[in-house]
Amino acid sequence: MKVFDLPVMDRTRKSFYGKAKVIEHDNGDICLISYSTLVARIHNGNFEKLWDGYSATTMRHINSFLLFYNLPGGGKLWWNKLEVVA
């Protein structure tokens with residue numbers, strides 16, 4: 001397992017200052033933690049929404065996560081349309 005700070009991908013700021021973490025599990029799952037909340041993961045190559053909330057800052061974390069792993073999607077409308085995976 002590898003844990004690291006999510007890099008900022010849109011160059012709007014220098015860092016997320018430790019508020020966004022990525023966990024790359026040995027089984028291949030990749031999780032995004034925003035402000036200590038598990039919000040999303042990549043499972044079998046697919047993005048999954050794990051948190052039903054929304055905040056502008058967490059959305060910035062999600063957008064950087066998507067860009068970092070070259071996945072499509074992003075933005076509030078896209079996020080709100082996704083189903084939460086149980």
Side-chain angles (χ1 to χ4, degrees):
M1 178 173 69
K2 180 180 173 185
V3 180
F4 57 93
D5 286 343
L6 177 68
V8 177
M9 299 301 292
D10 63 5
R11 300 179 188 244
T12 58
R13 56 197 41 82
K14 289 184 181 180
S15 163
F16 290 127
Y17 302 100
K19 295 177 177 95
K21 301 275 187 194
V22 175
I23 303 171
E24 292 181 343
H25 294 277
D26 295 335
N27 69 358
D29 285 355
I30 305 168
C31 296
L32 172 63
I33 309 293
S34 176
Y35 291 99
S36 303
T37 300
L38 177 60
V39 296
R41 75 175 171 189
I42 301 168
H43 177 70
N44 293 329
N46 298 310
F47 181 87
E48 296 180 339
K49 179 180 177 178
L50 303 176
W51 177 64
D52 199 28
Y54 175 84
S55 79
T57 305
T58 296
M59 194 71 243
R60 283 194 285 275
H61 298 165
I62 294 163
N63 289 338
S64 279
F65 184 73
L66 292 167
L67 287 170
F68 187 70
Y69 288 102
N70 287 324
L71 293 171
K76 183 178 182 179
L77 292 175
W78 168 84
W79 177 255
N80 288 338
K81 289 179 185 177
L82 293 176
E83 298 275 333
V84 174
V85 175

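All figures in this text were calculated on a predicted structure; none of them were measured in a lab.
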Chemist: Under a 4.5 Å side-chain heavy-atom rule over Ile, Leu, Val, Met, Phe, Trp and Tyr, are Leu32 and Met1 clustered together?
Modeler: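 No, Leu32 does not connect to Met1 through the hydrophobic network.
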Chemist: Would Leu6 and Tyr54 show up in the same hydrophobic cluster when neighbours are defined by side-chain heavy atoms closer than 4.5 Å?
Modeler: yes
Chemist: Can you see which heavy atom on Thr37 is nearest to which on Trp51, and at what distance?
Modeler: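 That closest heavy-atom pairing would be CG2-CD1, 3.7 Å.
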Chemist: Could you grab the distance from atom CG of Asn63 to atom OG1 of Thr58, nearest 0.5 Å is fine?
Modeler: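 Output value for this atom pair is 11.0 Å.
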Chemist: May I ask you to test the Phe47-Ile62 pair for a side-chain heavy-atom distance under 4.5 Å?
Modeler: yes
Chemist: Please collect all salt bridge (charged side-chain N to carboxylate O under 4.0 Å, His left out) contacts where either partner lies in residues 42-69, sequence neighbours excluded, each pair once.
Modeler: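 Those involving residues 42-69 are Arg41-Glu48, Lys49-Asp52.
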Chemist: My understanding is that only residues two or more places apart in sequence, or in another chain, count here; which of them pass ring pair (Phe, Tyr, Trp, His ring centres under 6.0 Å) with Tyr69?
Modeler: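 If we apply the ring pair (Phe, Tyr, Trp, His ring centres under 6.0 Å) test to Tyr69, skipping adjacent residues, the hits are Phe65.
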Chemist: Is Phe68 reachable from Val3 through a run of I, L, V, M, F, W or Y residues, each pair having side-chain heavy atoms under 4.5 Å apart?
Modeler: no
Chemist: Name the atoms and distances for all side-chain donor-acceptor pairs under 3.5 Å in residues 72-82, with sequence neighbours left out.
Modeler:
residue: Trp79; atom: NE1; partner: Gly53; partner atom: O; Å: 2.9
residue: Asn80; atom: ND2; partner: Lys76; partner atom: O; Å: 3.4

Chemist: When hydrophobic residues are tied together by side-chain contacts of less than 4.5 Å, even through go-betweens, does Phe4 share a cluster with Ile23?
Modeler: no
Chemist: Going by side chain to side chain donor-acceptor pair (under 3.5 Å), name the residues that satisfy it together with Thr12, two or more places apart in sequence or in a different chain.
Modeler: Asp10
Chemist: Would you say Leu50 and Val39 make side-chain contact, with heavy atoms under 4.5 Å?
Modeler: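 The answer is no, as the side chains (C-beta and beyond) never meet within the 4.5 Å cut-off.
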Chemist: Can any side-chain N or O of Ser64 pair as donor or acceptor with the backbone N or O of Met9 at less than 3.5 Å?
Modeler: yes
Chemist: So, the side chain of Asp29 versus the backbone of His43: is there a donor-acceptor pair under 3.5 Å, distance only?
Modeler: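 Flag not set: sc Asp29 to bb His43 has no pair under 3.5 Å.
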Chemist: Return each pair, listed once, that meets ring-ring contact (aromatic ring centres under 6.0 Å, His included) where at least one residue sits in residues 17-42; pairs must be two or more places apart or across chains.
Modeler: Tyr35-His61
Chemist: Among the clusters formed by ILVMFWY side chains lying less than 4.5 Å apart, do Leu66 and Ile30 turn up in the same one?
Modeler: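 Yes: a chain of side-chain contacts under 4.5 Å links Leu66 to Ile30.
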Chemist: Just grab all the salt bridge (charged side-chain N to carboxylate O under 4.0 Å, His left out) pairs involving residues 13-24, residues at least two apart or on different chains.
Modeler: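 Every salt bridge (charged side-chain N to carboxylate O under 4.0 Å, His left out) pair that includes a residue of residues 13-24, provided the two are not neighbours, is Asp5-Lys21.
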